Amino acid sequence: MIDIKLLRQDPQRFIDGAAAKRIEVDIPALLADEARLLEAQRELQELRTIQNSAGKKIAKLSGQEKAAAIAEMKQAKDRAKAVEDIIAQLEPKVAGLLLQVPLPPDPAVPRGQTSDDNVEVRRWNPPWFDTARPFAANKGFQPRTHIELGEMLGLLDIPRGVRMSGSRSYVLWGRLAQLHQAVLRLAFDFMVNQQGFTPVSVPVLVRDNVLVGTGFFPFGREQVYQIKETDRGGSQDLYVTGTGEAGLMGLHQDEILDGDSLPRRYVTVSTCFRREAGAAGKDTAGIYRIHQFDKVEQVVVCKNSVEESNKYHEEILANAEAVLKAFELPYRIVVVCTGDLGRGQAKKYDIETWMPSRKNYCETHSASKFYEFQARRMNLRYKETATKKNLFCHTLNNTVIASPRVLIPIMELYQNADGTITVPKVLRPYMGGKERIG
RNA sequence: GGAGAGGUGGCUGAGUGGCUGAAAGCGACGGUUUGCUAAACCGUUGUAGGGGAUCAAACCCCUACCUCGGGUUCGAAUCCCGACCUCUCCGCCA
């Protein structure tokens, strides 16, 4: 959520920002409604002042004087009632509209329409694989896809996954299931042991307000699995989170943190669920776009400072890169263009890892910077030590690793001519020393 | 699932219709005292919105908030209804 005061001061900035993000929102209507609401609130406040002072008088009066004062007070009450009705009508309207206003992108973010307009900032290759050359030139044989490899080895079982749970479901068997865990463990341990992030285990079942707070709702409702507890007498429905970010951000909802305790740097590993509504027919093969996966996610909650936000944005990006480098997977960083940015994001880096079967770099990570946007929705503040003022925090998040998607480049890049898969060196300690699968 | 009890400020806890944004204690912060520490003493100490003053802050005024929503009343932390949440006991299950 953006600051309504800033919107009043400089509406054009927000109108331009929404246009750059290709998001429709009627800002003039919002401002008009908000002005009417403010006026009504001011009037109500005046009426309350009258009521309050009259109330105190009445307590001291008696007889006819008292009766007269009471009659007068009744008038003020009736007028107040009318104004209250106006407020009751406008307030939800204004709040709903305000929730829709996007955070303007950083000025330096490249303007563009779709992900095709994202701008590459750098790429990295391990010594043994150059993405500029074909696979066969790098490894001396024609590659198989991760699906072919997985089926050949009997480790990736899509039919049984589909039988149990429908499309976009899968089963990992044996050493592939172990590799999946190894990837997560390494990433999690790296964040905790090397980077000093606080490990947290959070709910993946959350209430509506957590997802409104993180900015997924109200627009992402159809992407989220819903547990209809209200149908069976429950007080609230629950939602199954699509990322650990939700639980980590929800941690400090409605809190005022001690400024000296910032930044808070959290990491969690959680199973993530996504409906993938509207993605029918897209990426249907294999384990690229699936309904359930596991992800190590990092979140930073820092002070209300653009410099700090920028610093931690680079830091969480570097953390993810460090893990990919440890895996020796070729990747590139892109800056996501304005048209491809989410409503709440000021700037976003995607990390795209090379996938031979797709002959392209494909998104495996997404590092977002929100400034106050999420914190306002979450009502997440801190007390600044020097001024004792309560300020909204800044928040950022990034994937550390998401699996099984990252198993695609691992399987395909580490495959051997005979269809076996070499285990990346850093993962072997998590695989009981195993060097090769199959 | 059955039966009870209860939700007041950072915390503990008083308060059954106007003088209560809320006693008292604790904690925190500032100060005095002190060789240092501790103790003692004095003072300050919620949040949000609006208005005024100001270059800006400090500052001043108003309004709202005693879980939430409705109701009664001229007036509600206090009375009534509903919701939500917490705790205890029993049962059931992991």
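Note that the structure is predicted; figures quoted are calculated from it, not measured. Reminder, nothing fancy here: chain letters follow the sequence lines and each chain counts from 1.
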Which nucleotide, in any strand shown, forms a Watson-Crick or G-U wobble pair with G17(B), with both distances under 3.5 Å? none
Distance, C1' atom - from C85(B) to U67(B), rounded to whole angstrom: 8 Å
The Watson-Crick or G-U wobble partner of A58(B), with both key distances under 3.5 Å, is none
When only distance counts, do a donor and an acceptor, one from the side chain of Q45(A) and one from the base of G51(B), lie under 3.5 Å apart? no
Taking 4.0 Å as the cut-off, does a side-chain nitrogen or oxygen of K389(A) come that near to OP1 or OP2 on A58(B)? yes
Side chain of R343(A), backbone of Q100(A): donor and acceptor closer than 3.5 Å? yes
Round to the nearest Å and state the distance from E91(A) atom CD to A64(B) atom C1'. 11 Å
Is there a Watson-Crick or G-U wobble partner for U32(B) with both distances under 3.5 Å, and if so, which one is it? A40(B)
Counting only Watson-Crick pairs (N1-N3 plus N6-O4 or O6-N4) and G-U wobbles (N1-O2, O6-N3), all under 3.5 Å, who is the partner of G4(B)? C87(B)
Check the distance between U63(B)'s P and L38(A)'s CG and give it to me in whole angstrom. 18 Å
For C92(B), which nucleotide in any strand shown is its Watson-Crick or wobble partner with both distances under 3.5 Å? none
When you compare A58(B) with G18(B), how far apart are their C1' atoms, in angstrom units rounded to a whole number? 35 Å
In whole Å, measure the gap between the C1' atoms of A23(B) and G9(B) for me. 13 Å
Could you identify the nucleotide paired to U63(B), looking across every strand shown and requiring Watson-Crick or G-U wobble geometry with both distances under 3.5 Å? A48(B)
Find the distance E46(A):CD to C61(B):P and express it as a whole number of Å. 18 Å
Would you say a side-chain N or O of R207(A) is under 4.0 Å from OP1 or OP2 of C85(B)? yes
At under 4.0 Å between heavy atoms, what does K388(A) touch on the DNA or RNA strands: base, sugar-phosphate, or nothing? sugar-phosphate
Just to be sure I understand the rule, does K57(A) reach a base, reach only the sugar-phosphate, or reach nothing, if contact means heavy atoms closer than 4.0 Å? nothing
Answer yes or no: is there an ion pair linking D33(A) with R36(A), defined by an N-O contact shorter than 4.0 Å? yes
For A53(B), the Watson-Crick or wobble partner whose two distances fall under 3.5 Å: none
Contact class for L44(A) (heavy atom, under 4.0 Å): base, sugar-phosphate, or nothing? nothing
Would the H180(A) and F293(A) ring centres measure less than 6.0 Å apart? no
Measure CZ/R376(A) against P/U47(B) and give the value in whole Å, please. 17 Å
Report yes or no: is the cationic atom of R185(A) (NZ for Lys, CZ for Arg) closer than 6.0 Å to the six-membered ring centre of F188(A), at no more than 45° off its axis? no
Which nucleotide in the list A64(B), G51(B), A58(B) gets nearest to the side chain of N52(A)? A64(B)
Both distances under 3.5 Å, Watson-Crick or G-U wobble: report the partner of G69(B), or none. C81(B)
From C62(B), A58(B), G51(B), pick the nucleotide closest to the side chain of T49(A)? C62(B)
Rounded P spacing from A48(B) to G1(B) in Å: 39 Å
Under a 3.5 Å threshold, yes or no: a donor from one side chain and an acceptor from the other, between Q178(A) and R175(A)? yes
Any side-chain N or O of R48(A) under 4.0 Å from OP1/OP2 of C62(B)? no
Which value, in whole Å, describes the distance between the P atoms of nucleotides A77(B) and C19(B)? 9 Å
Integer angstrom distance from the C1' of G17(B) to that of U72(B): 12 Å
Counting only side-chain N and O atoms of R381(A), is one of them less than 4.0 Å from OP1 or OP2 of A48(B)? yes
For the residue pair H394(A) and Y371(A), does the interplanar ring angle fall in the parallel (under 30°), tilted (30 to 60°) or perpendicular (over 60°) class? tilted
What integer distance in Å separates I4(A):CD1 from G50(B):P? 10 Å
Assert: residue with more 5' nearest nucleotide on RNA chain B, out of K5(A) and I50(A), is K5(A)
Return yes when atom CD of E84(A) has more than 12 non-hydrogen atoms of other residues, nucleotides or ligands closer than 6.0 Å, and no otherwise. yes
Whole-Å distance, I87(A) CD1 to U63(B) P, equals 15 Å
Please determine, for the side chain of K77(A), which listed nucleotide (U73(B), C29(B), G71(B)) has the closest atom? U73(B)
What interatomic distance, in whole Å, is found between P of C80(B) and the corresponding atom of A57(B)? 47 Å
Between G75(B) atom P and I70(A) atom CD1, what is the distance in whole Å? 9 Å
If I take atom CG in residue D258(A) and atom P in nucleotide G27(B), what distance separates them, rounded to the nearest angstrom? 19 Å
Which is more 5' along RNA chain B, the nucleotide nearest N390(A) or the one nearest M73(A)? Just name the residue. N390(A)
For nucleotides A83(B) and A3(B), find the distance between their P atoms and express it as a whole number of Å. 15 Å
Heavy-atom side-chain contact between Y430(A) and Q181(A) under 4.5 Å: no
